[in-house]
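I have placed the structure first, in the form of structure tokens, so that the comments after it can refer back to it.
Predicted model only: the values in this text are computed from it and were never measured. Every number for a ligand or one of its atoms is a count from 1 in the order of the listing.
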Amino acid sequence: MNIIVCVKQVPDTSQMKFDPETKTIVRENVENIVNPFDLYAVEEALRIKEKFPESKITAICMGPKQAENALREVISMGADSAVLISDKSFAASDTLATSYILSEAIKKTGQYDIILFGKMAIDGDTAQVGPGVASLLDIPQITFVRKIEEITNEKIIAERALETGYETLEVQLPCVLTCIKELNEPRLPSLRGKMKAKKEEIPVLNAEALSIDLSRCGFKGSPTWVVKAFSPVMTKENMIFKSEDQRENVDNLVSKLKEKAVI
Ligand SMILES: Cc1cc2nc3c(=O)[nH]c(=O)nc-3n(C[C@H](O)[C@H](O)[C@H](O)COP(=O)(O)OP(=O)(O)OC[C@H]3O[C@@H](n4cnc5c(N)ncnc54)[C@H](O)[C@@H]3O)c2cc1C
């Protein structure tokens, strides 16, 4: 089976800031990590490969040169190879443009059976790219997958999480799956994996290599407009009762709650 895993390098959200002028995320001088949800997708790809040992896992990331580090991390977990999709004209792409570029990159890899995504990226937070790619490739998808019940060379039966419960779906391959946290526990990189990741040659494909239609990427190809972006202001007041005497803490808490008319 040919398994593709799409991983995004994201800024560590605990350090994230917005530029109110450009209405974009400030990515400079912020530590970058592999989007945490994508690690569940990588782990699931590795588990599928354990069932179908002839499988090949290819990780794909669209991003600047530094996003290569995210791909090396995924190789250290066990992915067979990785491709970085990078071109100046891809900057400022919204989810539609990103989905278009990724789908063209996936087509370029040749045959694909399962394409795995995280449920969403922790910086963009839209959860649109997986479904976007499925729709552009015109293949079925199961989003928010929490359990794979059955998998054969022809089909997958998987359980997905809904707001109100669970739903079991069967789709034919090739298909897209987007993965949530309940699906598995991502493994740590092995020493062998780390050594492979260090040496691995990661090809970089640009717009020309992918024969990308430039009018469909970057600002030009992005119909989404960010109207406003800001860091939320903390309006809640924190209060810690620190007395050694727990009764005193409880009394203070009760009187504060009364003062605020909560009780
Ligand atoms: C006007 C505008 C300008 C923007 N400019 C930039 C910019 O300059 N640089 C920038 O980085 N972002 C930019 N963005 C954000 C960009 O749209 C999103 O980060 C990106 O399209 C993915 O959407 P998301 O983060 O919501 O991913 P989601 O849809 O939440 O991601 C779901 C899954 O898709 C996969 N995925 C998502 N993105 C990638 C990727 N790049 N490579 C591989 N897999 C991926 C991952 O598996 C991820 O878990 C811009 C957005 C807008 C609206």
Side-chain angles (χ1 to χ4, degrees), residues 3-13 16 18-19 21-28 30 32-45 57-71 73-74 79 82-106 108-109 112 114-137 141-145 176-181 183 186 202 204-205 207 210 212 216-229:
I3 307 166
I4 309 276
V5 193
C6 290
V7 292
K8 184 179 181 187
Q9 191 184 50
V10 293
D12 187 343
T13 44
M16 212 156 90
F18 284 109
D19 180 334
E21 290 296 309
T22 59
K23 302 185 184 82
T24 53
I25 295 166
V26 178
R27 293 169 195 270
E28 290 77 35
V30 176
N32 289 306
I33 56 171
V34 176
N35 177 43
F37 288 108
D38 302 351
L39 298 177
Y40 302 107
V42 176
E43 175 60 35
E44 208 51 36
I57 303 171
T58 309
I60 295 185
C61 176
M62 181 186 112
K65 180 86 178 97
Q66 75 207 33
E68 200 185 285
N69 296 337
L71 291 170
E73 193 173 328
V74 171
V83 185
L84 178 65
I85 310 302
S86 198
D87 195 296
K88 259 197 247 153
S89 55
F90 299 162
S93 291
D94 69 359
T95 54
L96 183 69
T98 303
S99 304
Y100 163 65
I101 298 162
L102 285 177
S103 63
E104 290 302 308
I106 290 165
K108 194 83 183 173
T109 63
Y112 49 85
I114 303 173
I115 310 170
L116 292 150
F117 291 83
K119 87 161 173 178
M120 67 180 193
I122 58 165
D123 58 345
D125 241 19
T126 67
Q128 289 177 0
V129 171
V133 169
S135 130
L136 287 164
L137 294 175
Q141 58 181 301
I142 307 182
T143 52
F144 305 117
V145 172
V176 160
L177 304 178
T178 78
C179 306
I180 63 170
K181 199 167 138 195
L183 185 58
I202 297 184
V204 182
L205 298 184
L210 294 172
I212 288 284
R216 294 180 71 181
C217 52
F219 262 123
K220 259 192 284 176
S222 299
T224 317
W225 286 90
V226 180
V227 179
K228 192 176 172 189

[X] heavy atom under 4.0 Å from ligand 1:
X	answer
Ala92	yes
Gly63	no
Ser222	no

Does the pair Ser222 and Leu96 meet the rule for a side-chain contact (heavy atoms from CB on, under 4.5 Å), with working shown? CA-CA 7 Å; Ser222 299; Leu96 183 69; over 6 Å; no
Can you find a pair of side-chain heavy atoms, one from [X] and one from [Y], that are under 4.5 Å apart?
X	Y	value
Ile85	Leu210	yes
Ile106	Val133	yes
Ile114	Leu116	yes
Asp94	Phe219	no
Phe117	Val129	yes
Asp12	Asn32	no
Leu71	Leu84	yes

Is it the side chain (CB and beyond), the backbone, both or neither of [X] that lies under 4.0 Å from ligand 1, heavy atoms counted?
X	answer
Thr98	side chain
Ile60	backbone
Val7	backbone
Ile85	neither
Ala97	neither
Asp38	side chain
Phe37	neither

Could you list which atoms of ligand 1 come closer than 4.0 Å to a heavy atom of [X]?
X	answer
Leu102	43 (C), 44 (N), 45 (C)
Gly118	32 (C), 33 (C), 47 (O), 49 (O)
Asp123	25 (O)
Asn35	48 (C), 49 (O)
Asp125	26 (O)
Thr224	1 (C), 53 (C)
Cys6	44 (N), 46 (C), 47 (O)
Ala127	28 (P), 29 (O), 30 (O)

Please compare Ser93, Ala59, Gly132, Ala121 and report which has the shortest non-hydrogen distance to atom 50 (C) of ligand 1.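 It is Ser93 whose heavy atom sits nearest to atom 50 (C) of ligand 1.
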If you compare Asp94, Val5, Ile4 by their heavy atoms, the one closest to atom 53 (C) of ligand 1 turns out to be Asp94
side-chain contact (heavy atoms from CB on, under 4.5 Å) involving Ser135 - partner list, sequence neighbours excluded: none
Contact check: Leu116 vs ligand 1, nitrogen or oxygen atoms, below 3.5 angstrom: no
Apply the test side-chain contact (heavy atoms from CB on, under 4.5 Å) to residues Val10 and Ile33: give CA-CA distance (whole Å), side-chain angles for both, the deciding distance (0.1 Å), then the verdict. CA-CA 6 Å; Val10 293; Ile33 56 171; 3.8 Å; yes
Show, in sequence, the C-alpha distance, side-chain angles and deciding distance for Thr178 and Gln141, and conclude whether the side-chain contact (heavy atoms from CB on, under 4.5 Å) test is met. CA-CA 8 Å; Thr178 78; Gln141 58 181 301; 5.5 Å; no
Please determine which of Asp125, Asp123, Asp38 meets the salt bridge (charged side-chain N to carboxylate O under 4.0 Å, His left out) test together with Lys8.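 Single pass found, and it is Asp123.
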